[in-house]
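Have a look at the structure below, then the notes.
Proteins come first, then strands; the chains are lettered A, B, ... in the order of their sequence lines, and each starts at number 1. These numbers come from a predicted model, not from an experiment.
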There are 2 protein chains.
Amino acid sequence: MSGKLTTKERLIHAAGEVFAEKGFRDATIAEISEKAEANIAAVNYHFGDKEKLYDAVWHRAFDLASTAYPIDGCLPENPILEDYIFSYANAILHRIFSETESGLFAKLLHQEMSNPTLALDHIAEEALMPQTRFLGKVVHLALEQHISEERIRLCMHSIIGQCAFFNFSRPLRKHVIGKTTMTENEIEQTARHIAEFSMGGLKEIQRIKHP
Amino acid sequence: MSGKLTTKERLIHAAGEVFAEKGFRDATIAEISEKAEANIAAVNYHFGDKEKLYDAVWHRAFDLASTAYPIDGCLPENPILEDYIFSYANAILHRIFSETESGLFAKLLHQEMSNPTLALDHIAEEALMPQTRFLGKVVHLALEQHISEERIRLCMHSIIGQCAFFNFSRPLRKHVIGKTTMTENEIEQTARHIAEFSMGGLKEIQRIKHP
DNA sequence: ACATAATTAAAACGCGCGTTTGAAATGAGT
DNA sequence: ACTCATTTCAAACGCGCGTTTTAATTATGT
């Protein structure tokens, strides 16, 4: 069963599911072990304790997400500004709505945001800052010189917010529109919308400040 | 101590703080009781069990937020479209960054989003739907006829996302810019930015679909 | 084949949790 | 002042958790 995976690998897979669904504290070693078809003591034998297992899951989640959906993954040859924003939004949305293990990162991040563990600092620096810098450059290009740093931050937040909110509104989507998934087409359409909407926003900000 | 509040009232206040910080499951009756300067058995005597206390806290949080910061609370006499969006954003941001008990609602909502309890359905219907309908009307006015329902939903999501993301990115704000608070001025500036940015986005969508 | 290491397994430990209990203290009505 | 309901209190209960322990089983190297 579970192919030819080792117990250690099965534990990481199972732990990923449970940590993503319940968060670090609410996840129990008993449930993880059962789902991995391993003994209750297997976690402590292979990882030392629950926290080290959590670290291993995070490490795997980060690798999967960043290689499966890089932030500049769908840029055309000579990209215009909107292409950058589309690529950013498209990658983030894919990470959020992926139903494979690539979606693990977003779900773990959601849990960390409401109940942070020590892992968050490391993740923020390692995984989140690079894509924030990517977006920072884009917004900087979009706006003319001598626009305040604060305004740039706000515009970045507007774009990030549009994307990331999908990661946090999942339970509401289930309640309002009945499903929490998105097809490939829906994802691309949504990313396109965010790119268009944001380009309009950026133009408007520039127009207001430099009429 | 604690003025002339009854034990029951002190418990609700203390429980609000603890539930907001830790979520339902991670919050312990021991900590709540201690903070309320009440006996460990007081919760069960006054509320029956932990869940009923949680309901009482939610009820109070909802009342406080919606009366302190109504969604149409700062509309001028003859509002233009941007005024509506500003009023919406301003109210949401105030709820999020309030350092009084009015901020309780947003914090509890954050916890519910990552680890939903039975309370969420009720809250979504009672508290979230009205303000979503408010925004729906605004976006509907902003866009011309025969624009798809889906596009309206996307635009609403763009605006909501910009506001609500502040409620979920708190731990990152602490990590990146060192603080998680906002002054009254910062809140208003941010709400103004969201209104401007969103007006630009809406105009762009309309321009693209009806050139 | 055998000795040794690596892994799995079942049971138990210690602890913190929500809850219950039964008695003590307090308050209100007459 | 006395009664009786209400509230507070300390202690204990039952349970589930992460972890440890000890033994059994399997794999590995020579």
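The closest side-chain donor-acceptor pair between Glu99(A) and Thr181(A), if any, does not fall under 3.5 angstrom. A donor-acceptor contact under 3.5 angstrom links the side chains of His94(A) and Glu184(A), judged on distance only.
For the pair Asn39(B) CG and dC9(D) C1', the computed distance is 5 Å after rounding to whole Å. Residue Glu9(B) contributes atom CD, which lies 12 Å from atom P of dT7(D) at whole-angstrom precision. Between the C1' atom of dT7(C) and the CZ atom of Phe47(A) lies a distance of 14 Å, rounded to the nearest Å. Lys8(A) has its NZ atom 19 Å from the P atom of dA27(D), to the nearest Å. The separation between Tyr54(B) atom OH and dT19(C) atom C1' is 20 Å, rounded to whole Å.
One finds a salt bridge joining Arg151(B) and Glu196(A) here, because a Lys/Arg side-chain nitrogen approaches an Asp/Glu carboxylate oxygen to under 4.0 Å. Ion pairing between Glu17(B) and Lys22(B) fails under the 4.0 Å rule for side-chain N and carboxylate O.
Between His46(B) and dT6(D), a side-chain N or O to OP1/OP2 separation shorter than 4.0 Å is absent. Dashed line: the shortest gap from a side-chain N or O of Thr7(B) to OP1 or OP2 of dT7(D) is not under 4.0 Å.
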Letter by letter from the 5' end, nucleotides 15-26 of chain D scores (B base, S sugar-phosphate only, - none; protein heavy atoms under 4.0 Å) --SSSB------
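Aromatic rings of Trp58(B) and Phe105(B) (six-membered ring for Trp) have centroids within the 6.0 Å cut-off, being under it.
Figure legend: Arg173(A) and Phe166(A) shown without cation-pi pairing, the cationic atom not lying both under 6.0 angstrom from the six-membered ring centre and within 45 degrees of its axis.
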